[in-house]
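One structure below.
Keep in mind that what you see is a predicted model, and the values were worked out from it rather than measured.
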Amino acid sequence: MMPTSPFNQFKDWKKQWEHFFNQDFWNNFEPFLQANKQSPSSLGVNIYKKEENELLVVMNIPGLEDVEQVEVYTDYKTLEIKAEINLQFKEFELVEEGIFQGTFEKIVPLPFAVKEDRIEATYHSGLLMIHLHRLIPDDTKKKIKIKKAEL
């Protein structure tokens, strides 16, 4: 028999006092109240830099059967990853959950702006790897041509 967490008793106590304390107060205690249940924030992300112009973002996403289950978006200095993790084994019933399952969305801040047209994403052995290149702004002045308006 698995030992139970001493924090399990606080679940009912939490419900009784929610009207007294606001939700932000309870968010600080959420890791203890969940009794080791994994969450999308527990899905590991590493960011690697090559020289000063390239990034490799590696995210642990177990159990994807199809890369179509993941969507990756980029916007200037952020990377957004959405996925569905569903681990099922024929004829087996889940008894204890330690690996996150379900739909999640994770926003990863990047150390610099990236080119949207030079992104390569691959998935292998439970790892999503996203290769990005720095957006180097063109600081030169650009002359704007002025047209004569016809009124």
Side-chain angles (χ1 to χ4, degrees), residues 2-8 10-11 14-15 17-18 21-147:
M2 295 291 295
T4 59
S5 170
F7 294 100
N8 283 344
F10 288 111
K11 289 180 185 177
K14 176 187 170 196
K15 291 177 187 174
W17 288 90
E18 278 182 349
F21 296 106
N22 65 25
Q23 187 62 34
D24 292 333
F25 175 83
W26 292 112
N27 285 339
N28 295 327
F29 294 95
E30 202 61 37
F32 300 110
L33 299 173
Q34 287 189 0
N36 296 328
K37 182 170 170 55
Q38 296 293 312
S39 68
S41 63
S42 69
L43 296 172
V45 175
N46 288 0
I47 300 176
Y48 301 91
K49 183 168 70 167
K50 181 179 177 183
E51 298 174 7
E52 295 298 318
N53 296 322
E54 293 182 55
L55 291 175
L56 180 64
V57 177
V58 179
M59 183 171 188
N60 180 27
I61 306 179
L64 289 182
E65 294 180 14
D66 186 359
V67 292
E68 297 295 321
Q69 293 174 281
V70 179
E71 296 177 7
V72 178
Y73 303 93
T74 184
D75 182 26
Y76 194 62
K77 287 178 71 171
T78 49
L79 191 65
E80 184 179 349
I81 302 163
K82 298 178 180 183
E84 173 75 28
I85 298 174
N86 190 7
L87 303 174
Q88 293 186 2
F89 300 93
K90 291 181 181 179
E91 300 178 19
F92 284 88
E93 177 184 339
L94 181 64
V95 176
E96 183 175 327
E97 185 175 27
I99 300 171
F100 173 79
Q101 294 189 73
T103 302
F104 75 90
E105 180 177 330
K106 187 164 188 110
I107 296 178
V108 179
L110 301 173
F112 49 75
V114 295
K115 293 181 180 181
E116 294 181 7
D117 60 342
R118 286 200 67 194
I119 299 172
E120 182 179 320
T122 56
Y123 180 79
H124 180 69
S125 298
L127 297 175
L128 175 64
M129 295 166 278
I130 306 163
H131 187 192
L132 305 142
H133 297 269
R134 179 185 285 248
L135 175 65
I136 301 172
D138 185 2
D139 291 336
T140 60
K141 291 184 202 175
K142 292 184 174 75
K143 184 174 181 180
I144 299 171
K145 185 176 179 178
I146 302 171
K147 298 178 186 177

Could you walk me through whether T74 and V72 pass side chain to side chain contact (heavy atoms under 4.5 Å, CB included), step by step? CA-CA 7 Å; T74 184; V72 178; over 6 Å; no
Any heavy-atom pair between the side chains of Y73 and K82 that's under 4.5 Å? yes
Test item: L110 and L55 side chains (from C-beta on) under 4.5 Å apart, heavy atoms: yes
Looking only at heavy atoms, what is the nearest atom pair of P109 and I47, with distance? O-CD1, 3.8 Å
Anything under 3.5 Å between a donor and an acceptor, one on a side chain of residues 126-137, the other on a protein residue two or more places apart or in another chain? List them.
{"from": "H131", "atom 1": "NE2", "to": "E54", "atom 2": "OE1", "distance (Å)": "2.5"}
{"from": "H133", "atom 1": "NE2", "to": "R118", "atom 2": "NH2", "distance (Å)": "3.4"}
{"from": "R134", "atom 1": "NE", "to": "E52", "atom 2": "O", "distance (Å)": "2.7"}
{"from": "R134", "atom 1": "NH2", "to": "E52", "atom 2": "O", "distance (Å)": "3.1"}

Please determine, by modelled atom types, if Y48 and N46 share a side-chain donor-acceptor pair under 3.5 angstrom. yes
Side chains of D66 and L64: closer than 4.5 Å at any heavy-atom pair? no
Verify the distance criterion only: is there a donor paired with an acceptor across the side chains of N86 and Q88 at less than 3.5 Å? yes
Given the rule in the salt bridge (charged side-chain N to carboxylate O under 4.0 Å, His left out) test, do K49 and E51 qualify, once you have shown the distances and angles that lead to the verdict? CA-CA 6 Å; K49 183 168 70 167; E51 298 174 7; over 6 Å; no
For the student: nearest non-hydrogen atoms of V67 and Y123, plus distance: CG1-CB, 3.8 Å
V114 vs K77 side-chain heavy atoms within contact, under 4.5 Å: no
Could you tell me if the side chain of I81 sits less than 4.5 Å from the side chain of E71, heavy atoms only? no
Closest approach of A83 and V70, non-hydrogen atoms and distance? CB-CG2, 3.9 Å
Kindly indicate whether the side chain of Q101, heavy atoms from C-beta on, has any atom under 4.5 Å from the side chain of L94. yes
With a 4.5 Å cut-off on side-chain heavy atoms, are E105 and E80 touching? yes
